[in-house]
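Numbered from 1 within each chain, the chains take letters A, B, ... in sequence-line order. None of these values were measured; they are calculated from a predicted model.
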Number of protein chains: 2
Amino acid sequence: MSTKALRKEEEENLLRRADDLCRQNNLRLTPIRERVYRELVQSGGPVGAYDLVDRLSSEKKRLAPVTIYRALDFLRDAGLVHRLATQNSYVISHGQPDVNAMKIMFVDSKTGETIEVHSTEVAEAVKKAAEQAGFKSVSPFMEVEGEIAH
Amino acid sequence: MSTKALRKEEEENLLRRADDLCRQNNLRLTPIRERVYRELVQSGGPVGAYDLVDRLSSEKKRLAPVTIYRALDFLRDAGLVHRLATQNSYVISHGQPDVNAMKIMFVDSKTGETIEVHSTEVAEAVKKAAEQAGFKSVSPFMEVEGEIAH
DNA sequence: ATAAAAAACGTAATAACGTAATAATATAGG
DNA sequence: CCTATATTATTACGTTATTACGTTTTTTAT
Ligand SMILES: [Zn+2]
Ligand SMILES: [Zn+2]
Ligand SMILES: [Zn+2]
Ligand SMILES: [Zn+2]
């Protein structure tokens, strides 16, 4: 099978999973929200909010930034999308939401390329450090900058 | 000794350390840079760049944002200040720069309050995860959101 | 079915954050 | 002193995110 076809299949998987997740949690994956999610899936990496505005706007209909931000907020709340604070961009979340794992987004400082890794080891170590700091709970998402080994 | 006096003493310690560090590395802690650093020290927490603009501007002399950003860039490069990407703010760095430790900034999701913890355990776990992700090097700074146990 | 309530969306304006370009000052080494 | 380099000032511009308010759509309860 061609890589293109594979990517298409992966795409459909993600969309279906998103759909299921929303249905199970009584969340409404409206057309706009799905379009934003799909665009992030297809891009295969982080995309800025205003890039999404451009990509999802047509000649006839220009979407407003707030429309995109609202959709992104929904997707983030649903755990489907991460915001990369260091990059001012947004990226889909891969992998099953493993409750005990820390979801680490490694961000290449130069290219902005991202790779997501889930690690229970990091989760535990961070939890321990959090207790030391007097934090009772910590976000299961982290962002770490670094350099990809090319 | 009063807590106020203690804080004042801590303040002076930090200023002195910053001064020493710059001297030892042939970095110039110019008046503006020192004022920015001092303001961050005195605030005792994260401060936004434009807040710094306001606080360091007087009636007669209004500082331009770029002035603050440059000072912040210097302080960050010197390792004296962290940028909190999730908060769009800046905060002083505590503790000796332990090369083998991950410097974790825990950020309270509600108040923005921060506590810094250094952990070699987290550093190692993250390093392992980074290798898994194909990253050859990672930043020694992390930011983790969570909730302070009050 | 109908009315009330809640959620989502459209539109416009604005706030907040950050950078570029250029010129003026200050500093350091020969 | 002279020159190269670093720092600062000022203005303008670009990007990112939110607020306000009214309308439409969907959900919930009667
Ligand atoms: Zn939300
Ligand atoms: Zn994820
Ligand atoms: Zn720098
Ligand atoms: Zn630190």
Seminar exercise, completed: Between A/Thr67 and B/Ala49, the residue closer to the 5' end of DNA chain C by nearest nucleotide is A/Thr67

Problem set entry | Candidates C/dT11, D/dT16, D/dT7 - which lies nearest the side chain of B/Thr30 | D/dT7

For this session: Rounded to the nearest angstrom, tell me the gap between atom CG in A/Asn26 and atom P in C/dA6.
Result: 17 Å

Exercise. Under 4.0 angstrom, heavy atoms only, what part of the nucleic acid is A/Tyr90 near: base, sugar-phosphate, or nothing?
Worked result: sugar-phosphate

Problem set entry | Below 4.0 Å: OP1/OP2 of D/dA17 and any side-chain N or O of B/Asn88 | no

For this session: Starting at atom CG of A/Asp77, determine the distance to atom P of C/dA7, rounded to an integer number of angstrom.
Result: 13 Å

Exercise. In whole Å, what is the span from the CD atom of B/Gln87 to the C1' atom of C/dA16?
Worked result: 14 Å

Problem set entry | Atom-pair distance (CD1 on A/Ile68; P on D/dT16), nearest Å | 13 Å

For this session: Return the orientation label for the B/Tyr69 and B/Tyr50 ring planes: parallel under 30°, perpendicular over 60°, tilted otherwise.
Result: perpendicular

For this session: Pick base, sugar-phosphate or nothing for B/Arg83, based on heavy-atom distances below 4.0 Å to the nucleic acid.
Result: sugar-phosphate

Exercise. B/Glu143 side chain to A/Glu143 main-chain N or O, any donor-acceptor pair under 3.5 Å?
Worked result: no

Exercise. Base, sugar-phosphate, or nothing for A/Arg28, non-hydrogen atoms under 4.0 angstrom?
Worked result: sugar-phosphate

For this session: Using atom CG of B/Leu29 as one end and atom P of D/dT7 as the other, report the distance to the nearest whole Å.
Result: 11 Å

Problem set entry | Side-chain heavy-atom pair A/Lys61, A/Ser58 within 4.5 angstrom cut-off | yes

For this session: Calculate the interatomic distance between B/Phe74 atom CZ and D/dT7 atom P; express it in whole Å.
Result: 7 Å

For this session: Provide, to the nearest angstrom, the distance between the CG atom belonging to B/Asp51 and the P atom belonging to C/dA15.
Result: 16 Å

For this session: Start with the C-alpha distance between B/His82 and B/Tyr90, add both sets of side-chain angles, then the distance that settles ring pair (Phe, Tyr, Trp, His ring centres under 6.0 Å), and finish with yes or no.
Result: CA-CA 6 Å; B/His82 295 309; B/Tyr90 301 84; over 10 Å; no

For this session: Would you mind reading off the distance between A/Leu52 atom CG and D/dT15 atom C1', rounded to a whole angstrom?
Result: 14 Å

Exercise. OP1, OP2 of D/dT8 versus side-chain N and O of B/Arg33: anything below 4.0 Å?
Worked result: yes

For this session: Could you tell me whether B/Ile32 contacts a base, only the sugar-phosphate backbone, or nothing, with contacts defined as non-hydrogen atoms closer than 4.0 Å?
Result: sugar-phosphate

Exercise. Looking only at side-chain N and O atoms, does A/Lys61 come under 4.0 Å of OP1 or OP2 in C/dT11?
Worked result: yes

Exercise. Quick one: which of D/dA17, C/dC9, D/dT19 gets closest to the side chain of A/Tyr50?
Worked result: D/dA17

Exercise. Are B/Tyr69 and C/dG18 close enough that a side-chain N or O sits under 4.0 Å from OP1 or OP2?
Worked result: yes

For this session: For B/Arg70 and for B/Ser89, locate the closest nucleotide of DNA chain C by heavy-atom distance; then report the residue assigned to the nucleotide nearer the 5' terminus.
Result: B/Ser89

For this session: Run through A/Glu11, A/Glu9, A/Arg16, A/Arg17 and flag the one making a side chain to side chain donor-acceptor pair (under 3.5 Å) with A/Asn13.
Result: A/Arg16

